[in-house]
Undergrad: 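Below is one structure. I have some questions about it.
Only a predicted model underlies this, so the values are computations on that prediction, with no experimental measurement involved. So you know, we letter chains A, B, ... as the sequences are listed, proteins then strands, and number each from 1.
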Protein chains: 2
Amino acid sequence: MYRAKIEVSLKPGHSDPEGQMTEQSLKELKFSANKVNVSKVYTITFEAKNKQDAQQTIEEMCKKLLANPTKDNYTYTIEEEK
Amino acid sequence: MYRAKIEVSLKPGHSDPEGQMTEQSLKELKFSANKVNVSKVYTITFEAKNKQDAQQTIEEMCKKLLANPTKDNYTYTIEEEK
């Protein structure tokens, strides 16, 4: 069993309305906040034959479902679960 | 200037509909996915006098806005930006 943590974030230049709203709310609460970006993390437990297979599976999951290639970047870490 | 990365995730036992939907979609695409959790990461650039002040600011941001103490856990890392 493997566990992957995948972070999907917007590519630079794409507008991040949730980040903008959060920045505005922080300012209203009198915090100094110069820039806020929001991204999403998927923690997925899944079966794979080995580390290489696990990595390939995660790449496919990102390309087919989790990330939009036009506007999203993704990074991930994978570890084996005992 | 400091930059914090804050991950806000649901406490165990709280339902995660987005994770459940993602798990179902992955299964429909014939992936093996045993468990999916979704959390949110805020990347915030802000002013602080020193590292201790930065940490205190982030704690306050989490408590006042970013995390709901009833259902969310949060973890963060802070680094100084040159």
Undergrad: Between B:Thr75 and B:Glu7, do the side chains contain an N or O donor and an N or O acceptor separated by less than 3.5 Å?
TA: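 Note: B:Thr75 and B:Glu7 side chains miss the donor-acceptor criterion.
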
Undergrad: So what's closer than 4.5 Å to chain B heavy atoms on A:Leu29: side chain, backbone, both or neither?
TA: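 Just its side chain gets close to chain B.
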
Undergrad: Is chain B contacted by the side chain of A:Glu23, its backbone, both, or neither, given a heavy-atom distance below 4.5 Å?
TA: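 It is neither, since no heavy atom gets under 4.5 Å.
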
Undergrad: Using heavy-atom distances under 4.5 Å, tell me whether A:Tyr42 contacts chain B through its side chain, its backbone, both, or neither.
TA: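 For A:Tyr42, backbone and side chain are both near chain B.
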
Undergrad: For chain A, which of B:Thr22, B:Asn37, B:Ile6, B:Leu26 has the most heavy-atom pairs under 4.5 Å?
TA: B:Asn37

Undergrad: Going by heavy atoms in the side chains, are B:His14 and B:Asp16 under 4.5 Å from each other?
TA: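 Sidechains of B:Asp16 and B:His14: no contact.
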
Undergrad: Is it true that B:Glu80 and B:Arg3 have a side-chain N and a carboxylate O under 4.0 angstrom from each other?
TA: no

Undergrad: With a 4.5 angstrom heavy-atom cut-off, is it the side chain or the backbone of A:Leu66 that approaches chain B, or both, or neither?
TA: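 Contact with chain B involves the side chain of A:Leu66 alone.
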
Undergrad: With no hydrogens and no angle check, just 3.5 Å: does a side-chain donor-acceptor pair link B:Tyr74 and B:Glu59?
TA: yes

Undergrad: Linking I/L/V/M/F/W/Y whenever any side-chain heavy atoms sit under 4.5 Å apart, do A:Val41 and A:Ile58 land together?
TA: no

Undergrad: Specify which of A:Lys5, A:Lys35, A:Met1 makes the most heavy-atom pairs with chain B at under 4.5 Å.
TA: A:Lys35

